[in-house]
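First the structure, in the form of structure tokens, and then the observations on it.
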There are 2 protein chains.
Amino acid sequence: MTDRQPTVPPSSELLGVMDAYWRAANYLAVGQIYLLNNPLLKEPLRREHVKPRLLGHWGTSPGLNLLYVHLNRVIKAHDLNVLFITGPGHGGPSLVANAYLEGTYSEVYPHVSPDEAGLGRLFKQFSFPGGIPSHVAPETPGSIHEGGELGYALSHAFGAAFDNPDLIVAAVVGDGEAETGPLATSWHSNKFLNPVTDGAVLPILHLNGYKIASPTILARIPKDELRKLFEGYGYKPYFVEGHEPEKVHRELAAVMDEAIGDIHEIWSDARTKGHQGRPTWPMIVLRTPKGWTCPAEIDSKKCEDYWRSHQVPMGDMDKAGHVAILEQWMRSYRPNELFDAAGRLVPELTELAPKGDRRMSASPHANGGQLLKDLQLPDYRTYAVEVTSPGGTTAEATRVMGQFLRDVMRLNLPSQNFRLFSPDENNSNRWQDVLEVTNRAWMAERYDTDDHLAPDGRVMEMLSEHQCQGWLEGYLLTGRHGFFSCYEAFIQIIDSMFNQHAKWLKVCGHIPWRRPIASLNYLLSSHVWRQDHNGFSHQDPGFLNHVVNKKAAVIRMYLPPDANTLLSITDHCLRSRNYVNVVVAGKQMAPQWLTIAEADAHCAAGLGVWDWASNDNGGDPDVVMACCGDVPTLEILAAVDLIRQHLPELKVRVVNVVDLMKLQPPEEHPHGLPDEEFDALFTTDRQIVFAFHGFPSLIHQLTYRRTNHKNLHVRGFKSEGTTTTPFDMVVLNDMDRFHLVKDVIDRVPGLAARAGHVRRLMDDRRAEHKRYIAEHGEDMPETGGWAWPGRVIAPPVSTVDTSSPDNTQGYRTTGAVIPCRTCNM
Amino acid sequence: MTDRQPTVPPSSELLGVMDAYWRAANYLAVGQIYLLNNPLLKEPLRREHVKPRLLGHWGTSPGLNLLYVHLNRVIKAHDLNVLFITGPGHGGPSLVANAYLEGTYSEVYPHVSPDEAGLGRLFKQFSFPGGIPSHVAPETPGSIHEGGELGYALSHAFGAAFDNPDLIVAAVVGDGEAETGPLATSWHSNKFLNPVTDGAVLPILHLNGYKIASPTILARIPKDELRKLFEGYGYKPYFVEGHEPEKVHRELAAVMDEAIGDIHEIWSDARTKGHQGRPTWPMIVLRTPKGWTCPAEIDSKKCEDYWRSHQVPMGDMDKAGHVAILEQWMRSYRPNELFDAAGRLVPELTELAPKGDRRMSASPHANGGQLLKDLQLPDYRTYAVEVTSPGGTTAEATRVMGQFLRDVMRLNLPSQNFRLFSPDENNSNRWQDVLEVTNRAWMAERYDTDDHLAPDGRVMEMLSEHQCQGWLEGYLLTGRHGFFSCYEAFIQIIDSMFNQHAKWLKVCGHIPWRRPIASLNYLLSSHVWRQDHNGFSHQDPGFLNHVVNKKAAVIRMYLPPDANTLLSITDHCLRSRNYVNVVVAGKQMAPQWLTIAEADAHCAAGLGVWDWASNDNGGDPDVVMACCGDVPTLEILAAVDLIRQHLPELKVRVVNVVDLMKLQPPEEHPHGLPDEEFDALFTTDRQIVFAFHGFPSLIHQLTYRRTNHKNLHVRGFKSEGTTTTPFDMVVLNDMDRFHLVKDVIDRVPGLAARAGHVRRLMDDRRAEHKRYIAEHGEDMPETGGWAWPGRVIAPPVSTVDTSSPDNTQGYRTTGAVIPCRTCNM
């Protein structure tokens with residue numbers, strides 16, 4: 001290792017000033033929770049100075065404040081670039097207090113000024129109607145992370161550290177959060193952090209001993225076990241324990257210097273001598289009392305160093321003596337030494353905080369849009385599959401997407417701002433071509449036989465959807481780009497993480513100083529209809545239903561029917577900002593329907609008539625056959641083929657939907673198709689047979705207000721699955737071509753009477769299919785080998801005029817990022 | 001520690017027979033993946049003997065087979081009661097093979113007989129249409145766990161071990177699964193296992209080194225780190241490593257004996273000497289090659305001991321030479337030594353397996369319904385809140401539920417078959433009274449100041465929803481009862497686990513030998529409308545939408561409006577079988593509406609008119625005001641009160657919905673109300689203003705086929721949340737009483753013209769509310785302190801006749817478990 005410069009420990013005087021700064025932060029934290037008035041305690045505290053409803057969390061706040069001031073010291077001492085991740089995000093009072101103390105808060109919210117009036121507003125606004133949330137939240141400068149739902153502090157921290165070689169991410173992990181699954185595996189992120197080109201994460205496990213009402217596990221195992229656990233995770237743990245401030249200040253300062261020294265040494269070694277294997281990064285275990293510095297007991301009940309200090313240590317302020325206890329508690333911080341008569345922090349303390357962007361609350365990494373650069377994108381059209389006639393070509397859609405992503409990766413290697421994420425499914429989902437230009441990130445042991453593993457790999461694979469999602473969120477929130485590839489069924493593992501990210505984006509949309517970030521992009525492949533290996537446990541399209549409930553302003557869902565539409569959509573997703581884009585596409589060899597030009601026009605419209613598959617000649621159809629998703633599109637077209645053979649007089653219109661949100665009314669979603677356009681496509685009175693990738697209820701949910709909803713019949717996933725053949729899977733769910741033809745016969749008025757023989761034929765074919773697969777184990781050639789007959793009867797035209805810019809509704813296929821009418825993106 | 005009996009190591013001869021048994025299981029695993037015919041290789045293998053589509057997973061199978069035969073030996077040697085948990089559940093061929101070898105398979109599926117014909121069927125059926133899934137699945141005897149979605153092997157194992165003092169749960173954890181978050185935290189379950197009254201879990205980490213396409217983390221860290229990691233988790237790890245079968249057999253046998261010896265010693269010590277602190281339970285780390293015994297290379301590409309052996313090592317059987325490679329591979333197991341000419345396992349090997357219930361594939365714990373005993377339930381009516389007039393009493397609904405659960409706990413202490421599960425929210429959700437009769441389970445360190453922690457506690461609290469869910473699933477699947485209390489927003493953390501459990505139940509419903517198990521019961525409290533402390537991150541009712549997509553046969557959702565309805569529902573849930581019951585109820589002090597008798601009748605009907613709140617006198621209302629959920633019910637009643645004051649001539653009917661699935665048509669859900677009854681309640685042509693707990697879209701999704709859907713206007717959660725006052729939360733989402741009155745005015749024909757002044761008044765009240773809370777921080781007395789005026793105008797009667805047993809539809813309030821017309825429960 002490199003010779004390390006000896007660090008000069010902070011003087012007693014400096015530690016004294018730090019303690020004063022800590023007291024100031026603690027004072028502000030208590031003040032936010034309790035006070036409505038009298039912020040400097042200039043007059044004796046009275047009941048009416050105290051808020052009527054007391055909300056917020058005190059317990060974690062003094063620990064966060066302690067860490068903040070100690071990080072401030074090392075930032076100044078070593079001129080560090082530090083991002084603070086607040087695992088215990090409910091400690092909102094602490095992070096707000098610190099942002100205020102170092103001036104950032106007043107800069108972004110000038111009415112919360114650095115004086116007595118501002119202090120009064122700071123206190124009143126906290127967890128108050130019209131004010132700010134009680135948690136660290138999008139409103140909090142310096143935060144990328146709410147922490148309301150626990151478990152993601154470390155994966156966010158590592159996501160932030162990737163490709164930020166001079167950044168130290170100080171990640172506080174509460175001992176409650178440490179019990180969650182996602183957090184427990186995220187310690188292993190150190191097997192993916194490259195000391196040459198990535199920054200560092202300094203995890204700080206804060207053992208304050210208690211959750212809401214119980215002790216925490218890690219606070220109740222022997223120290224030797226705890227040490228082994230973190231050594232086993234691959235860290236070098238430093239322990240600081242105590243309840244006397246002076247001792248803790250001294251020891252924590254020393255440990256901070258050690259840890260920062262370790263990080264610099266690791267960086268320096270790796271950057272001067274090349275990779276020496278996986279480094280043993282430092283971490284800190286800080287054991288201090290929960291609710292430290294609040295009254296030891298209140299009403300003869302233990303409060304400090306106990307779970308009772310978790311939220312508001314003393315809730316009933318009408319009780320005799322409680323106002324006096326609060327006053328005594330607040331005065332114990334000696335506010336008159338901390339703030340001058342005007343309510344300004346005294347200069348000695350102001351001096352202690354870092355300046356400008358070095359302030360953790362002002363870190364540009366915590367407002368990633370400030371740092372965001374557009375991706376360099378090759379022309380996706382050059383990756384197009386040649387389609388000379390609809391269905392005349394076959395391809396694996398996601399493999400084609402992977403070729404495009406390979407070159408996106410290549411073009412952006414100099415910028416180091418694009419990564420792909422997957423729970424060991426990158427190749428399974430057919431993105432293996434990206435490994436031509438990069439590798440899988442891997443800092444653990446390597447063997448000669450290994451396949452594309454390297455410390456500087458940009459494909460992030462760990463068998464944890466939580467970890468992939470958390471890393472990607474951290475990466476995006478700090479101003480970079482990415483794409484998550486996942487098996488469709490298992491993306492629901494991160495339902496709740498998606499909820500929180502979508503909420504974060506929604507709230508950021510109302511905060512002017514939050515700059516737009518790159519969208520969170522999902523490819524869901526290995527989808528419900530093609531889980532031949534794995535069966536029912538892997539068959540679930542429910543993520544679409546989950547996503548649709550979030551704010552329309554931030555969610556987009558695309559189901560491209562083939563490779564060229566997928567390319568067009570992918571390009572769009574990579575250019576968009578502040579969305580969650582969900583793309584569902586199959587990886588299996590499948591027929592291709594549209595040329596790239598047709599695909600562009602179709603994706604720009606979001607949905608439209610496929611005239612080449614229709615025979616209503618733009619006129620009045622007997623039935624609309626709609627489809628959304630690759631397998632449903634195949635089955636609808638195969639059904640149309642059967643109808644042409646057996647019911648040639650029937651006028652069929654085929655409508656394909658790529659952009660699911662087009663189905664919703666425009667009042668509900670910015671992509672929503674106006675009613676008159678919807679009616680033009682789906683008619684106002686004809687039967688609609690709709691084959692859908694997901695649960696049928698979702699189509700009804702999106703369209704129930706449409707004129708012709710009464711005639712809409714949806715086939716989709718009915719939760720009937722097993723390991724079986726591809727065609728049998730659609731049969732099990734009554735979404736197969738034979739059943740779709742029966743649906744048409746049953747629904748179109750008058751048809752049942754004259755098409756009984758066709759209906760019986762369809763039943764026969766279904767029965768024959770069952771017999772065949774039971775014997776052969778694979779689909780009969782008639783179904784598995786079906787091909788569109790190539791009856792191209794007209795050039796593809798959409799009934800939605802895609803030449804008008806007004807109809808591109810949120811969809812652009814070329815050019816830089818420019819505002820769009822409906823998306824504002 | 002107790003003196004341990006020295007264990008006699010198995011003889012070389014026995015190890016040889018075990019190796020033969022292992023070869024037999026491996027042969028059957030390969031045969032299932034590949035063969036359509038010629039199961040004993042009596043003739044030279046030809047292409048047509050091989051399945052046309054090859055599906056399944058070989059890589060993990062030889063390791064599972066190895067562990068199975070070694071467990072069989074110790075079961076016989078020590079007369080053990082062992083349950084096998086297959087973390088790598090995609091290794092279906094292995095578990096099916098072993099169930100077949102020990103006879104269980106043919107017992108439950110007689111056509112898969114122990115002879116050549118049966119062997120042929122065993123091979124053909126695997127992952128074949130009409131056959132069995134490729135994973136360990138409900139169809140697999142001996143399994144409680146599909147393992148298709150990874151992460152839950154250990155939490156299921158511990159759930160199974162709780163309260164089964166003589167059971168050893170051998171839980172195989174794949175090194176892929178070990179990367180997931182839920183698995184990473186589930187090692188900490190050892191802090192909750194009581195050696196006196198619980199069984200043991202023997203975790204076996206199988207390091208075969210690779211996932212689908214990459215190495216695993218735990219296989220690529222130094223052994224010393226790995227050892228520390230598991231010592232840090234609190235285990236005593238035994239390591240077995242190798243690729244020579246003989247050496248591995250010998251070492252694994254020795255390690256198995258050691259581990260079993262440790263378990264017996266721990267049990268014996270704790271049971272004779274009392275609690276000695278948390279024991280250090282053994283675990284095994286087995287490092288053997290992935291796909292062990294398959295060809296080392298195929299087509300010059302590394303296969304054995306590499307990720308290429310993960311699924312089917314050689315997929316293209318039309319390629320020259322591949323059939324010969326397969327034949328050579330299969331013959332390497334020397335099937336002629338293992339099976340006689342009739343296809344029966346040779347007696348020497350048959351002897352090796354345990355007998356009867358000692359066979360892991362025949363463990364009654366793996367078919368928990370066999371062991372299930374009804375809970376002893378006190379009469380829930382005795383816990384009722386006295387309600388002399390609607391709204392005349394206030395109570396905290398979940399606290400009352402907790403009093404009932406306390407006595408359920410007390411009554412069933414002798415049976416040791418009931419536990420409560422919560423991520424540190426038991427008390428927050430107001431179930432603290434259960435701590436009067438039991439404690440929180442806790443085997444980690446305890447302090448004098450601790451609150452209700454004990455080794456034998458039956459309240460399971462760890463800050464991991466995954467762990468709570470996994471433990472509870474394991475507990476239920478092995479024949480016991482439980483209830484999960486969770487914050488509503490964070491139950492979505494286990495969306496995907498719920499999916500898998502619901503799928504398991506759905507499939508079990510079609511397997512005659514699978515006996516019904518107790519339902520999975522959720523209380524979702526601290527719900528979307530009352531997150532005053534925590535704000536937007538904690539506000540999400542999406543779990544209801546998630547659940548509704550699963551098979552109607554297994555899902556039930558209840559939103560009781562008050563404590564007495566909650567009591568009645570709770571009693572029902574605890575008696576039911578094979579469902580997932582979701583109960584949403586608030587914990588805050590709130591008005592109580594129904595007496596216990598009224599609550600019973602109302603819950604039995606599932607929904608009904610509240611005549612005391614209506615003034616249509618059973619006739620023809622001007623508007624139907626419907627509500628579902630406690631806060632929506634309050635707002636609807638407050639709106640009715642406003643209407644009575646300001647629009648007394650308006651005829652209002654109030655309908656309350658407890659059982660959400662009543663809204664669906666009976667074709668969709670067994671609880672669904674027939675159309676004529678629905679129309680009688682909601683009318684066919686009057687306006688309906690519906691206040692709902694969740695997303696409004698869910699009500700539309702359930703009711704879009706109903707006659708009067710066109711007049712249905714739903715208010716619910718619109719994803720507008722923040723930290724605010726309770727009443728402001730409903731205002732933010734336009735579900736407040738003032739807005740509901742405006743809705744009525746806007747919707748009822750002709751009313752707008754004459755009620756403009758009332759509409760303006762409502763706007764004024766909303767504006768005044770905003771002004772008030774911005775100043776005072778709490779709701780104005782008019783809203784926060786509102787009480788139903790007590791104008792009881794008629795005895796409560798429902799328009800659904802609840803006296804008829806036919807109308808109890810799935811709901812019983814008393815008596816033992818008896819079949820019900822619609823639920824079959």
Side-chain angles (χ1 to χ4, degrees), chain A residues 51-53 55 127-130 133-134 146 148 176 179-182 184-185 188 191 211-214 217 220 225 228-229 231-232 424 427-428 444-445 461-464 466 492-493 495-496 499 503 533 535-537 540 542 549 551 695 697 700-701 704 719 723-725 728 773-774 777-778, chain B residues 51-53 55 127-130 133-134 146 148 176 179-182 184-185 188 191 211-214 217 220 225 228-229 231-232 424 427-428 444-445 461-464 466 492-493 495-496 499 503 533 535-537 540 542 549 551 695 697 700-701 704 719 723-725 728 773-774 777-778:
Chain A
K51 297 181 184 183
R53 297 173 76 232
L55 304 170
S127 209
F128 202 86
S134 71
E146 170 131 358
E179 295 182 8
T180 67
T185 204
H188 289 298
K191 282 83 184 180
K211 297 169 290 198
I212 304 179
S214 287
I217 292 174
R220 299 297 182 92
E225 242 178 66
K228 280 181 174 167
L229 182 63
E231 288 177 354
D424 194 31
N427 287 18
S428 174
E445 294 168 356
E461 292 209 275
M462 180 169 163
L463 210 168
S464 166
H466 294 108
Q492 297 219 261
I493 289 171
D495 271 5
S496 205
N499 277 353
K503 288 181 181 205
H533 264 283
F536 194 37
S537 67
D540 211 311
N549 286 324
K551 273 285 166 191
F695 293 106
S697 61
H700 289 294
Q701 177 179 335
Y704 72 84
S719 294
T723 317
T724 186
T725 70
D728 197 48
I773 62 165
E778 58 184 349
Chain B
K51 298 181 183 182
R53 296 172 77 232
L55 303 171
S127 209
F128 202 86
S134 71
E146 171 135 355
E179 296 182 8
T180 66
T185 204
H188 289 299
K191 282 83 184 179
K211 296 169 291 197
I212 304 179
S214 287
I217 293 174
R220 298 298 182 91
E225 241 178 66
K228 281 182 174 167
L229 182 63
E231 288 178 354
D424 193 31
N427 287 19
S428 173
E445 295 168 355
E461 292 210 275
M462 180 170 163
L463 210 168
S464 166
H466 294 109
Q492 297 219 258
I493 290 172
D495 271 4
S496 204
N499 277 352
K503 288 181 181 204
H533 265 284
F536 195 34
S537 67
D540 211 310
N549 286 323
K551 273 285 167 191
F695 293 106
S697 61
H700 288 294
Q701 177 179 337
Y704 72 85
S719 294
T723 317
T724 186
T725 70
D728 196 50
I773 62 166
E778 60 183 350

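Every chain is numbered from 1, with letters handed out A, B, ... down the list of sequences.
- Heavy-atom pairs under 4.5 Å with chain A were tallied for His700(B), Lys211(B), Glu445(B); the largest tally goes to Glu445(B).
- Interface remark: of the candidates Gly535(A), Ser428(A), Ala213(A), Ala213(A) forms the most heavy-atom pairs closer than 4.5 Å to chain B.
- Atom CG of residue Asp495(A) and atom CG of residue Asp540(B) lie 10.0 Å apart, to the nearest 0.5 angstrom.
- Between atom CD of residue Glu179(A) and atom CE of residue Met462(B) there is a gap of 5.5 Å, rounded to the nearest 0.5 Å.
- Across all non-hydrogen atoms, the minimal contact from Gly181(B) to Ser464(A) is N-OG, 4.1 Å.
- Ranked by non-hydrogen atom pairs under 4.5 Å with chain A, the options Gln701(B), Lys228(B), Arg220(B), His466(B) are led by Arg220(B).
- With a 4.5 angstrom heavy-atom cutoff, Lys191(B) touches chain A only via side-chain atoms.
- Both the backbone and the side chain of Glu778(B) come within less than 4.5 Å of a heavy atom in chain A.
- At a 4.5 Å heavy-atom cutoff, the contact between Asn499(A) and chain B is made by side-chain atoms alone.
- Between chain B and the options Ser134(A), Gly130(A), Gly542(A), the largest number of non-hydrogen pairs under 4.5 Å is found for Ser134(A).
- Contact of Phe536(B) with chain A is made through backbone and side chain together, with heavy-atom distances under 4.5 Å.
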Full working for side-chain contact (heavy atoms from CB on, under 4.5 Å) between Ile212(B) and Asn427(A)
CA-CA 9 Å; Ile212(B) 304 179; Asn427(A) 287 18; over 6 Å; no
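- At a 4.5 Å heavy-atom cutoff, the contact between Glu231(B) and chain A is made by backbone and side-chain atoms alike.
- What you find for Gly148(A) and Ser537(B) is that their closest heavy atoms are CA-OG, 3.6 Å.
- Atom CG in Asn549(A) sits 7.0 Å away from atom OG in Ser719(B) (nearest 0.5 Å).
- Interface summary for chain B: among Asp424(A), Thr724(A), Leu55(A), the most heavy-atom pairs under 4.5 angstrom belong to Asp424(A).
- Atoms OG and CG, from Ser214(B) and Leu463(A) in turn, are 9.5 Å apart once rounded to the nearest 0.5 Å.
- Taking chain A as the reference chain and counting heavy-atom pairs below 4.5 Å, the highest number among Lys503(B), Lys551(B), Glu461(B) is found for Lys503(B).
- Ranked by non-hydrogen atom pairs under 4.5 Å with chain B, the options Pro129(A), Ser697(A), Ala774(A), Pro52(A) are led by Pro129(A).
- Taking Gly176(A), Pro182(A), Gly777(A) one by one and counting their heavy-atom pairs under 4.5 Å with chain B, the maximum is reached by Gly777(A).
- At least one side-chain heavy atom of Leu229(A) sits less than 4.5 Å from a side-chain heavy atom of Leu229(B).
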